[in-house]
Participant: 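Mind having a look at this structure? Questions to follow.
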Amino acid sequence: MTRLSEYLLPTEKQAPADAEAISHKLMVRAGLIRQMGAGIWTWLPAGWRVHERAVSIIRQEMEAIGAQEMLMPVLQPAEPWRRTGRIAIEELFKLRDRKDAELVLAMTHEEAVTSHVAQIVRSYRDLPLILYHFQVKERDEPRPRAGVLRTREFVMKDSYSFDRDEQGLAERYELHVRAYDRIMDRSGLRWYRVEADVGVMGGLGAHEYMAPCPAGENEVALAGSYAANVEVASAQPQPVPSLEHAEAPQSVQTPGLTSVAEVAGALGVPEGALLKAYPVVVQEGDPAARTQDADRPGAQEDRPDRGEPAQPRERLVLVLLRGDHRVNEVKLAAALRARSRPAQPEEIAAQIGPPGFVGPVGLDGRVEVLLDQAVSEGCYVTGANERDLHLRGVRPGRDFQFRSVDVRAVCEGDTVAGVPVTIEPAIEVANIFKLGLRYSQPLGASYLDERGQERPIWMGSYGIGPARIAAAAVEQYADEHGISWPRALSPFAVHLVALGKDGTPERQAAEEVYEQLLAAGVQALYDDRDASPGEKFADAELIGCPLRLTVGKRSLTSGEIEVQLRRGRSDAAGLPLAGGPGELAQAVDALWRTLP
RNA sequence: CGGGGAGUGGCGCAGUCUGGUAGCGCACCCGGCUGGGGGCCGGGCGGUCGCAGGUUCGAAUCCUGUCUCCCCGACCA
């Protein structure tokens, strides 16, 4: 029973003043969500219907690959989190009960599911296994933002696979790839499956499902069939004209010129002819170190380092890359296999040279030099490690030793297999991760094989956020009038607008149409309010159901229900007002199938 | 954590500089008109001005402290 006169669907003309993202503004305006605190949101009835549409698609596809639904608690004892080392994660909410026992609010459920599997699964006969649930996740995000896009509490479908070996894990992973591909397609989103960062400790593989949209927090590098998170993307750089060959580096005066742009300008060379120095302090063995992925179901933090926390060892490293390129921190972390921070000016001055004039020549191995692999053979300009001096004609390999790494951020115009790279912002709506033994080992999840040999269980984890699917759909398809749902996510199939006052013949006709739709099981939102036509139409477009039916005086004379498609706001052929039983519903259904 | 901004009725805002009866639009309630694109007229309800303390005859306004929210960045799914 969804008569707008009785349904809680509080539309607003004006968006909240502090809203920035399209989905934030529109989902609030359309009465789908309301805020309770920073990153804490309520789903109102119509919004929850959208959420549950996404949930239902996900559930169907999970069942289709043989996954078994269950439910694990959000409130958990801290102990398993201590075992896996994830107790150290700052985003993890920690609390104590009245007996002063330590508890946490789960941010994902590896600890829970693995603890259970460790107790229950004994034999290779119990494997493989895919378990999943839809459950609230709690994360003390440093900066929630953009409505429902990044929140501190949200529902996630997380599934976990358990296999006897790496091969089995690969199979379970592939099943999830196919299920997730189908979920994305069915939800109606534009999406990419991209290569993802596997973390400092090096995972076995990870992908993210990205929905491109303006409010996206991630960036995706695209080139033909290539798609990767810019955090891990690699590409061919655009070439730069090389400097003339020099037998040896020569000093050049560069008084006060400390930036790449200044030096290149003064010497009359392209920025790419310089080698930019980026001194970093590597924090090896830092127990607090962890990957970028701490909040994913596939999170792969630093090894727990049970027992005494290791002392972090700090070591200065000089990273060199082409002057027109930028360091990618995630790739740098991967190359170093450790956390790092930019070096302080005092540290640079003490161990290399005056900041702004730093270079690789003459370090004699005192400081390790990492050279980005985008730097091709040839001569370059570098800092001279003396105030107001640079060196021209520096040749890597001849004038300094280095280790080659890939730490450069790809940029637009790079190429992959000859195709230029474009970079798009995108929302990460899902991710899948080969965990390997990351959780099974600390939590003791093992099985006995055919020969009675105890072996660790190979795990994968797979997360997907229904709220982000909803928000991404709003972002991708909204126009100046409001939301335009893909039919798979729309809170209602049909938005029926009744014109005319209560008691008029046209209103009576609308009532009958509504009854017919209801009887046929068509999910309809019926606007029976005593409001002006303009208001009703504006609300219909704001709410964004793909199909709008209008019954007014005109319908009585023409004998037709007017039909308008939300996408493109185009009119479709009318439907007969007085058809036989079920005829209307059938016609609506037929039309529905043609919608995006 | 760094930078910036904002808390005044359900939403959007003015008033704060220069202390003196809390105001506007929308929404809401009542009555009437209108009835195919947020319509019109009349009458209403609703606010401890985020919170605490201070200054003052008097504080939304000045001072101190504090809480909350938003944006950018850092960080992070």
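A, B, ... follow the sequence lines: proteins, then strands. Residue 1 opens every chain. Just so it is clear, the structure is predicted and the values come from calculations on it, not from any experiment.
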Participant: Identify, between A/Glu12 and A/Asp539, the residue whose nearest nucleotide on RNA chain B lies closer to the 5' end.
Facilitator: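 So the residue in question is A/Glu12.
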Participant: What's the gap between B/G42 and B/U48 when it is taken at their C1' atoms, as a whole Å value?
Facilitator: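 Taking atom C1' in both B/G42 and B/U48, they lie 32 Å apart.
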Participant: Restricting to non-hydrogen atoms, name the atom on A/Leu9 and the atom on A/Ala30 that form the minimum distance, rounded to 0.1 Å.
Facilitator: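 Looking at all heavy atoms of both residues, the closest pair is CD2-O, 3.0 Å.
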Participant: How far does the P atom of B/A22 sit from the matching atom of B/U16, given to the nearest Å?
Facilitator: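 My reading of the P atoms in B/A22 and B/U16 gives 15 Å.
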Participant: Classify the nucleic acid contact of A/Gly552 as base, sugar-phosphate or nothing, counting any heavy atom under 4.0 Å across all strands shown.
Facilitator: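 Counting heavy atoms under 4.0 Å across all strands, the contact made by A/Gly552 includes a base.
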Participant: So which nucleotide from B/C71, B/C76, B/G39 ends up closest to the side chain of A/Arg150?
Facilitator: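 Of the options given, the side chain of A/Arg150 lies nearest B/C76.
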Participant: Find the partner of B/C24: check Watson-Crick (N1-N3 plus N6-O4 or O6-N4) and G-U wobble (N1-O2, O6-N3) distances, both under 3.5 Å, and reply none if neither fits.
Facilitator: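 B/G12 is the nucleotide pairing with B/C24.
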Participant: If I compare all heavy atoms of A/Ala215 with all of A/Ala21, which pair ends up nearest, and what's the gap?
Facilitator: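 In terms of heavy atoms, the two residues are closest at CB-CB, 3.9 Å.
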Participant: To the nearest angstrom, how far is A/Glu20 atom CD from B/G4 atom C1'?
Facilitator: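 Answer to the nearest Å: 13 Å.
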Participant: Considering only the C1' atoms, how many Å lie between B/G23 and B/A60, rounded to the nearest integer?
Facilitator: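 Roughly 12 Å separates the two C1' atoms.
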Participant: Over all strands shown, is A/Ala17 touching base, sugar-phosphate only, or nothing at heavy-atom distances under 4.0 angstrom?
Facilitator: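 Here A/Ala17 touches the backbone only, sparing every base.
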Participant: Donor-acceptor check, side chain of A/Lys331 to backbone of A/Ala409, threshold 3.5 angstrom: yes or no?
Facilitator: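 No, the answer is negative, given that no donor and acceptor are paired below the 3.5 Å cut-off.
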Participant: Which base sits across from B/G38 as a Watson-Crick or G-U pair, both distances under 3.5 Å?
Facilitator: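 Its partner: none found.
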Participant: Nearest-Å distance, CZ (A/Arg566) to C1' (B/G37)?
Facilitator: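 Value for this atom pair: 14 Å.
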Participant: How would you label the contact of A/Lys501 with the nucleic acid (heavy atoms, under 4.0 Å): base, sugar-phosphate, or nothing?
Facilitator: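 Base, at least one base heavy atom under 4.0 Å.
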Participant: With heavy atoms under 4.0 Å as the rule, sort A/Ala146 into base, sugar-phosphate or nothing.
Facilitator: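 Since only primed, P, OP1 and OP2 atoms lie under 4.0 Å of A/Ala146, the category is sugar-phosphate.
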Participant: Taking the minimum atom-to-atom distance to the side chain of A/Gln564, which one of B/G37, B/G39, B/C70 wins?
Facilitator: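 Comparing B/G37, B/G39, B/C70 against the side chain of A/Gln564, the answer is B/G37.
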Participant: Under 3.5 Å, is there any donor-acceptor pair linking the side chain of A/Glu541 to the base of B/G37?
Facilitator: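 In this structure, the two groups form a donor-acceptor pair.
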Participant: Rounded to whole angstrom, note down the C1' distance from B/G3 over to B/A59.
Facilitator: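 That atom pair is separated by 31 Å.
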Participant: Say you pick atom P in B/G2 and the same atom in B/G10; how far apart are they, in whole Å?
Facilitator: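 Result for the P pair: 33 Å, nearest Å.
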Participant: To the nearest angstrom, how far is A/Phe433 atom CZ from B/C76 atom C1'?
Facilitator: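 So the CZ-C1' distance, A/Phe433 to B/C76, works out to 15 Å.
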Participant: Which is true for A/Pro16 with a 4.0 Å heavy-atom rule: it touches a base, it touches only sugar-phosphate, or it touches nothing?
Facilitator: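 Sugar-phosphate only.
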Participant: Is there a Watson-Crick or G-U wobble partner for B/G58 with both distances under 3.5 Å, and if so, which one is it?
Facilitator: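 Its partner is none (no Watson-Crick or G-U wobble pair with both distances under 3.5 Å).
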Participant: How is A/Ala531 classified with respect to the nucleic acid when contacts are heavy atoms under 4.0 Å: base, sugar-phosphate, or nothing?
Facilitator: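 Touches a base.
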Participant: Can you check whether any acceptor in the base of B/G5 is under 3.5 Å from a donor in the side chain of A/Asp18, or vice versa?
Facilitator: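 No pair found.
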Participant: Between B/G46 and B/C30, how many Å separate the two P atoms, rounded to a whole number?
Facilitator: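 Going atom to atom, P in each nucleotide, I get 16 Å.
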Participant: Roughly, in whole Å, what's the span from CG in A/Leu9 to P in B/C11?
Facilitator: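 Rounded to the whole Å, the gap is 17 Å.
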Participant: Does A/Arg29 reach a base, just sugar-phosphate, or nothing at all? Heavy atoms under 4.0 Å.
Facilitator: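 Base, at least one base atom sits under 4.0 Å.
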Participant: Could you tell me the Watson-Crick or G-U partner of B/G65, where both distances fall under 3.5 Å? Say none if there is no partner.
Facilitator: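 Answer to the pairing question: B/C51, which forms a Watson-Crick or G-U pair with B/G65.
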Participant: Report the distance from atom CZ of A/Arg152 to atom P of B/C76, rounded to the nearest whole Å.
Facilitator: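 Whole-Å distance recorded here is 18 Å.
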Participant: Pick base, sugar-phosphate or nothing for A/Arg145, based on heavy-atom distances below 4.0 Å to the nucleic acid.
Facilitator: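 If one applies the 4.0 Å heavy-atom cut-off, A/Arg145 turns out to touch the sugar-phosphate alone, with no base involved.
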Participant: Can you tell which of B/C71, B/G36, B/C75 lies closest to the side chain of A/Pro142?
Facilitator: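 Of B/C71, B/G36, B/C75, B/C75 is nearest to the side chain of A/Pro142.
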Participant: For A/Trp41 and A/His24, take the angle between the two ring planes, folded into 0 to 90°, and tell me which bin it lands in: parallel under 30, tilted 30 to 60, perpendicular over 60.
Facilitator: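 Plane angle over 60°, so perpendicular.
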Participant: Rounding to an integer number of angstrom, what distance separates B/G7 and B/G15 when you compare their C1' atoms?
Facilitator: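 My reading of the C1' atoms in B/G7 and B/G15 gives 15 Å.
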Participant: Nearest heavy-atom pair of A/Ala67 and A/Tyr132: which atoms, and what distance?
Facilitator: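 Smallest heavy-atom distance, with atoms named: CB-CD2, 3.5 Å.
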Participant: Using the C1' atom on both, measure B/G50 against B/U8 and round to a whole Å.
Facilitator: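 Those two atoms are separated by 10 Å.
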Participant: Base, sugar-phosphate, or nothing for A/Gln35, non-hydrogen atoms under 4.0 angstrom?
Facilitator: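 Since only primed, P, OP1 and OP2 atoms lie under 4.0 Å of A/Gln35, the category is sugar-phosphate.
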Participant: For the pair made of CD in A/Glu217 and C1' in B/C76, what is the distance, rounded to whole Å?
Facilitator: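 Taking atom C1' of B/C76 as the reference, CD of A/Glu217 is at 8 Å.
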Participant: Under a 3.5 Å distance rule, please check whether A/Arg172 uses its side chain to pair with a backbone N or O of A/Met459 as donor and acceptor.
Facilitator: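 It does not hold such a pair.
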Participant: Closest-nucleotide mapping onto RNA chain B: is A/Ala21 or A/Ile427 further toward the 5' terminus? I mean the 5' end.
Facilitator: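 Per heavy-atom nearest nucleotide, the more 5' residue is A/Ala21.
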Participant: List for me each residue that meets side-chain hydrogen bond (donor to acceptor under 3.5 Å, both in side chains) alongside A/Arg145, sequence neighbours excluded, and say none if there are none.
Facilitator: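 Applying side-chain hydrogen bond (donor to acceptor under 3.5 Å, both in side chains) to A/Arg145 gives A/Glu217.
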Participant: Side chain of A/Pro533 only, please: which of B/G36, B/G38, B/A74 is the nearest?
Facilitator: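 Comparing B/G36, B/G38, B/A74 against the side chain of A/Pro533, the answer is B/G36.
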Participant: For A/Arg548, which contact category applies under a 4.0 Å heavy-atom criterion: base, sugar-phosphate, or nothing?
Facilitator: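 Since a base atom lies under 4.0 Å of A/Arg548, the category is base.
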Participant: Give the rounded distance in Å between these two atoms: CZ of A/Arg139 and P of B/C75.
Facilitator: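 It is 18 Å, rounded to the nearest whole Å.
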Participant: Using both distances under 3.5 Å as the test, list the Watson-Crick or G-U wobble partner of B/C1, or none.
Facilitator: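 Partner of B/C1: B/G73.
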Participant: Atom CD of A/Glu91 and atom P of B/C76: how far apart are they, to the nearest Å?
Facilitator: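 In whole Å, B/C76 P lies 8 Å from A/Glu91 CD.
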Participant: Report yes if at least one side-chain N or O of A/Arg143 is closer than 4.0 Å to OP1 or OP2 of B/C72; otherwise report no.
Facilitator: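 Affirmative; the distance criterion is met.
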Participant: At under 4.0 Å between heavy atoms, what does A/Asp530 touch on the DNA or RNA strands: base, sugar-phosphate, or nothing?
Facilitator: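 Touches a base.
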Participant: Minimum heavy-atom separation for A/Lys157 and A/Tyr462, please, with both atom names.
Facilitator: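 In terms of heavy atoms, the two residues are closest at NZ-O, 3.3 Å.
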Participant: Can a salt bridge be assigned to the pair A/Glu424 and A/Arg190 using a cut-off of 4.0 Å between side-chain N and carboxylate O?
Facilitator: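 A salt bridge is present here (some side-chain N lies under 4.0 Å from a carboxylate O).
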Participant: Identify which nucleotide among B/C72, B/G36, B/G37 has an atom closest to any side-chain atom of A/Ser555, counting heavy atoms from C-beta outward.
Facilitator: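 Selected nucleotide (nearest to the side chain): B/G36.
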Participant: Which is true for A/Leu542 with a 4.0 Å heavy-atom rule: it touches a base, it touches only sugar-phosphate, or it touches nothing?
Facilitator: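 No contact.
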